[in-house]
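Written below as structure tokens is the structure these notes are about.
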Protein chains: 2
Amino acid sequence: MEKVTVFDLIERMSALLRSEERKKCTEFGLQSVHLQILDYLSRCNKYSDTPAALTNYLGMTRGTVSQTLLLLEKKAYVSKATDSTDRRVVHLSLLPDGKAMLQQARQTELFDQAADLLARDKLSSYDEMLVSVLTALQKSNKSQSFGICKTCLYFTVSQDGYLCGLTREALTEDDSGKICQEHRVL
Amino acid sequence: MEKVTVFDLIERMSALLRSEERKKCTEFGLQSVHLQILDYLSRCNKYSDTPAALTNYLGMTRGTVSQTLLLLEKKAYVSKATDSTDRRVVHLSLLPDGKAMLQQARQTELFDQAADLLARDKLSSYDEMLVSVLTALQKSNKSQSFGICKTCLYFTVSQDGYLCGLTREALTEDDSGKICQEHRVL
DNA sequence: GCTTTATGTTTCGATTCGATACTTTATAAT
DNA sequence: ATTATAAAGTATCGAATCGAAACATAAAGC
């Protein structure tokens, strides 16, 4: 397949989602960045719930992120807590209101419908397909992949559960499904 | 495949592209909306090069689109021309400067690299795969699909070339590859 | 101890964005 | 025909975003 096709297809999907997202946002009186931040926080793990990670993830400046977080904090969507060991670092967490908002704003209908339509066609193994597309994209975007923990180079299965090879810490099943800023593609 | 997987995969791709785009934009002193507009204008056909189409495509209000176009016009990226038959409508076109900017700002490297990586793996027919994913998404997003002209319900092949079944006008090969706001999924 | 680096915050000005009201043109109704 | 209604854009205003730069504080290097 020529590059143009992949390029166009993915760009189209992306534009489609962007548009949907914008509509959702105005509906709930939010900005798309807010939604992206809430979404990220709901998916990232404990190593990645900092303003700095958000800065990298969203590709914005620190100042802007700081401002936006201030606003989200005022709306009681997120809360801050300084790290116990490194007192420069702030850990963010979704508050109940934030979770509720995210739940409402997620484009679930769109995807539900799409999935239903997909199910009718008898396509096999298109998830490995998409996975490989995404992985390829992540590899290209060298800097940071922000991949799922369990697909990481450092992710290891020990006798008594999961383990992060980088931090040497034990990981719960829950942790292993979330996005990590330290993620390295296999 | 469960819905979650599709959802996550595509969301991830989208987030990735958004981030890349943001970086590109600040690099060139633009806003991501500007780039999206330039991109759209470079891909849309003559039925779709109006502010109203942009409004639908981007999911913004008419006022905002009008403002942004004013700015792009001032930068000599786009130009306006009132329609000859319906004097209410305005047709937009990319000026050389706009094309040049778009050329520079497009995330070609990212996709080139991704395509190279994909080429190494021996995956067959993943384009039909992605096409069907995208089509499904477009079907879900009932309102307007903004699909490629040649994949449209109204697209017909006559003895002497292509034809739009809606407007009854002849279409060039070039036209048939572009995005149309009237697009209907088959 | 001093410098350098990293994480966040603050401030400021330019820009965006949505809401509302408005103009102009086309289409529909009577 | 004349009026009414709808559609495409524009203009204006105020709130909010965003990036740049300067700043503060904490950790790390030498």
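Every chain is numbered from 1, with letters handed out A, B, ... down the list of sequences.
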**OP:** May I ask you to list the residues of residues 72-81 of chain B, by number, that have any heavy atom positioned under 4.0 Å from an atom of DNA chain D?
**Re:**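 Going residue by residue through residues 72-81 of chain B, the ones with a heavy atom under 4.0 Å of DNA chain D turn out to be K80(B).
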
Write out a two-atom table: protein N or O, nucleotide N or O from nucleotides 15-21 of chain C, distance below 3.5 Å.
unit_1: dT16(C); atom_1: OP1; unit_2: H34(B); atom_2: NE2; d: 2.5
unit_1: dG18(C); atom_1: OP2; unit_2: T64(B); atom_2: OG1; d: 3.1
unit_1: dG18(C); atom_1: N7; unit_2: T64(B); atom_2: OG1; d: 3.1

Original post:
In degrees, rounded to 10°, what is the bend between the two ends of the helix from dG1(C)-dC30(D) to dT30(C)-dA1(D), using five pairs at each?
Top reply: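 Angle reported: 30°, given to the nearest ten degrees.
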
**OP:** Determine which pairs satisfy salt bridge (charged side-chain N to carboxylate O under 4.0 Å, His left out) with at least one residue from residues 75-84 of chain A, sequence neighbours left out, and list them in order.
**Re:**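 Found E73(A)-K80(A).
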
Can you give me every donor-acceptor pair (side chain of residues 28-35 of chain B, partner residue at least two apart or in another chain, under 3.5 Å) with its distance?
unit_1: H34(B); atom_1: ND1; unit_2: Q31(B); atom_2: N; d: 3.2

Can you name the side chain to side chain contact (heavy atoms under 4.5 Å, CB included) partners of [X], sequence neighbours left out?
X: S79(B); answer: S93(B), L95(B)
X: T55(A); answer: R62(A), V65(A)
X: T61(A); answer: T64(A)

Who pairs with [X] by side chain to side chain donor-acceptor pair (under 3.5 Å), at least two apart in sequence or on another chain?
X: S42(B); value: R106(B)
X: E173(B); value: Y162(B)
X: R88(A); value: D86(A)
X: S84(A); value: none

Starting from [atom2] on [N], measure out to [atom1] on [X] and report it in whole angstrom.
X: D86(A); N: dA28(D); atom1: CG; atom2: C1'; value: 10 Å
X: D83(A); N: dA27(D); atom1: CG; atom2: P; value: 9 Å
X: L30(A); N: dA15(D); atom1: CG; atom2: P; value: 19 Å
X: R88(B); N: dT25(C); atom1: CZ; atom2: C1'; value: 6 Å

**OP:** Pick base, sugar-phosphate or nothing for S32(B), based on heavy-atom distances below 4.0 Å to the nucleic acid.
**Re:**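 Touches nothing.
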
**OP:** Report which part of the nucleic acid T55(A) touches: base, sugar-phosphate, or nothing (heavy-atom distance under 4.0 Å, all strands).
**Re:**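 Answer is nothing: T55(A) stays at 4.0 Å or more from every strand.
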
Subject >> Given dA27(D), dA7(D), dT10(C), the nucleotide with the shortest approach to the side chain of L70(A) >> reply: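 For L70(A), the side-chain atoms sit closest to dT10(C).
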
Subject >> Among L92(B), L94(B), L102(B), L72(B), the one residue meeting side chain to side chain contact (heavy atoms under 4.5 Å, CB included) with I37(B) >> reply: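 Among L92(B), L94(B), L102(B), L72(B), the one that satisfies the side chain to side chain contact (heavy atoms under 4.5 Å, CB included) with I37(B) is L72(B).
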
